[in-house]
Asker: 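Below is one structure. I have some questions about it.
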Amino acid sequence: MLHFKDFLPAAPPPDAADRVFIRHDQGFAAVIDGVSGCSYPKLAADMCVEVLESLGSEIRDIPLEAILERMHERLRSFSTARLMAVAALVRADGDGYEVATVGNLALVDASNPKRARLAIESTTQPLSALGQDGAPRIVTCTLPMPKDGFHVLATDGLHPQRLARAVAQHGESATNADWRALGERVCTDSDWSFLVFPFERPSALPARPLALRSLRRGAGRSRP
């Protein structure tokens, strides 16, 4: 059973800086977008993926906020250019999902497809990013494992609510080509990606508690 399914353009532009990382065996996924205003957006996104790859099976147990902090420090350590990226991490957790994001990615809760809502809104001003000067703003939340609907995590190249409504009309009978075509239909930029979860109804994984909260690293927060 698949928790996650990613969709990207069939022919992405040469400078595409969107990346999707999925570990099905760990119930983990990430969506990363290199910030266009930095020196090398594609390199920034690739370096974030390298951090995730280096974690191996530990990716199941490390707090999501700590993973984002490692990605932030990795980009900050690049001395010859300024690298920045926005990212969202998702991990299956018992009967739900835990999510942690930095930057302007949008998370749509379509567990009731007819009432799709933004669980985390795409905020561009001011933009918080991994690799920026100072601590990035980390936002976390939990989402239920829906009985019929789904959740959508999208980069800023898509209109997330329109995407959620469009996918809901197709339902489980939609093919991968159908879903990608929907992305093409509601995209606002040639570089886009989105993640749908749960793509298939998975068996429950052991639960780990996580409270809804918005965190700013180094601002007196408490860790789980």
Side-chain angles (χ1 to χ4, degrees), residues 1-8 18-33 48-49 52 55 59-65 67-68 86-122 139-183 186-187 192-208 210 212:
M1 303 296 284
L2 290 177
H3 279 285
F4 307 108
K5 179 62 180 177
D6 60 312
F7 296 94
L8 297 94
D18 278 23
R19 302 288 185 270
V20 180
F21 176 88
I22 298 177
R23 282 289 306 272
H24 291 295
D25 60 329
Q26 300 296 327
F28 179 92
V31 177
I32 302 163
D33 186 6
C48 288
V49 171
L52 298 176
L55 296 177
I59 208 165
R60 175 66 198 161
D61 301 312
I62 301 174
L64 297 184
E65 303 98 305
I67 297 175
L68 287 171
V86 297
L89 312 181
V90 186
R91 188 161 55 197
D93 184 24
D95 59 355
Y97 295 94
E98 52 178 331
V99 182
T101 73
V102 170
N104 60 337
L105 292 94
L107 177 63
V108 176
D109 178 356
S111 50
N112 182 344
K114 294 182 179 180
R115 297 182 180 179
R117 67 178 184 86
L118 281 174
I120 297 178
E121 187 170 359
S122 174
V139 177
T140 69
C141 72
T142 57
L143 292 173
M145 186 82 71
K147 294 181 179 179
D148 300 311
F150 52 88
H151 307 299
V152 178
L153 182 59
T155 62
D156 63 352
L158 293 164
H159 190 291
Q161 288 177 312
R162 286 169 52 196
L163 175 66
R165 288 194 294 267
V167 173
Q169 295 175 0
H170 281 256
E172 296 182 356
S173 62
T175 66
N176 288 349
D178 292 334
W179 289 56
R180 184 176 292 108
L182 291 175
V186 301
C187 68
W192 55 266
S193 61
F194 68 95
L195 187 75
V196 177
F197 59 100
F199 190 67
E200 295 178 354
R201 301 294 174 241
S203 58
L205 296 177
R208 298 171 65 251
L210 182 70
L212 173 64

Asker: Could you pull out the closest heavy-atom pair between E65 and T140, with the gap in Å?
Answerer: CG-CG2, 3.9 Å
Asker: Which heavy-atom pair separates F4 from A92 by the least distance, and what is that distance?
Answerer: CZ-N, 4.4 Å
Asker: Heavy atoms, side chains only, cut-off 4.5 Å: are I67 and L52 in contact?
Answerer: yes
Asker: Taking the side chain as C-beta and beyond, is there a heavy-atom pair between D33 and D156 under 4.5 Å?
Answerer: yes
Asker: How long is the span from the CE atom in M145 to the CG atom in D93, to the nearest 0.5 Å?
Answerer: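 Rounded to the nearest 0.5 Å, the CE-CG separation comes to 8.5 Å.
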Asker: Over all heavy atoms of both residues, which pair between D61 and R91 is shortest? Give the atoms and the distance, please.
Answerer: N-NH1, 3.9 Å
Asker: Taking all heavy atoms of A100 and all of L64, pick out the closest pair and write down the distance.
Answerer: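 Between these two residues, the closest heavy atoms are CB-CB, 3.7 Å.
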Asker: State whether R23 and D25 are salt-bridged, where the test is any N-O pair (Lys NZ or Arg NE/NH1/NH2 against Asp/Glu carboxylate O) under 4.0 Å.
Answerer: yes
Asker: Find out whether L107 and C141 are in side-chain contact, i.e. whether some heavy atom of one side chain is under 4.5 Å from a heavy atom of the other.
Answerer: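 When only atoms from C-beta onward are counted, C141 and L107 do touch, with a gap below 4.5 Å.
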Asker: To the nearest 0.5 Å, how far apart are CG in L8 and CH2 in W192?
Answerer: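 The CG atom of L8 sits 6.5 Å away from the CH2 atom of W192.
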Asker: Within the 4.5 Å heavy-atom criterion, are L195 and V20 side-chain neighbours or not?
Answerer: yes
Asker: Would you compute the distance between atom CD of Q26 and atom CG of L55 and round it to the nearest 0.5 angstrom?
Answerer: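 The distance works out to 10.5 Å.
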Asker: Only one of F28, F197, F150 forms a ring-ring contact (aromatic ring centres under 6.0 Å, His included) with Y97, so which one is it?
Answerer: F197
Asker: So, the side chain of R60 versus the backbone of G27: is there a donor-acceptor pair under 3.5 Å, distance only?
Answerer: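 Judged by distance alone, no pair lies under 3.5 Å.
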Asker: Taking only residues two or more places apart in sequence, or in another chain, which ones meet D109 in a side chain to side chain donor-acceptor pair (under 3.5 Å)?
Answerer: S111, R117, H151
Asker: Indicate yes or no: at least one non-hydrogen side-chain atom of V90 is less than 4.5 angstrom from one of E98.
Answerer: no
Asker: Looking at CG of L89 and CD1 of I62, how far apart are the two atoms once the value is rounded to the nearest 0.5 Å?
Answerer: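 Answer rounded to 0.5 Å: 11.0 Å.
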Asker: For S193, check side chain to side chain donor-acceptor pair (under 3.5 Å) against everything at least two apart and list the hits.
Answerer: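 So S193 forms a side chain to side chain donor-acceptor pair (under 3.5 Å) with D18.
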Asker: The criterion is side chain to side chain contact (heavy atoms under 4.5 Å, CB included); which residues satisfy it with V49, sequence neighbours excluded?
Answerer: R19, F21, I32, E53
Asker: Check each of L105, L158, T155 against F194 using the side-chain contact (heavy atoms from CB on, under 4.5 Å) test, and report the only one that passes.
Answerer: L158
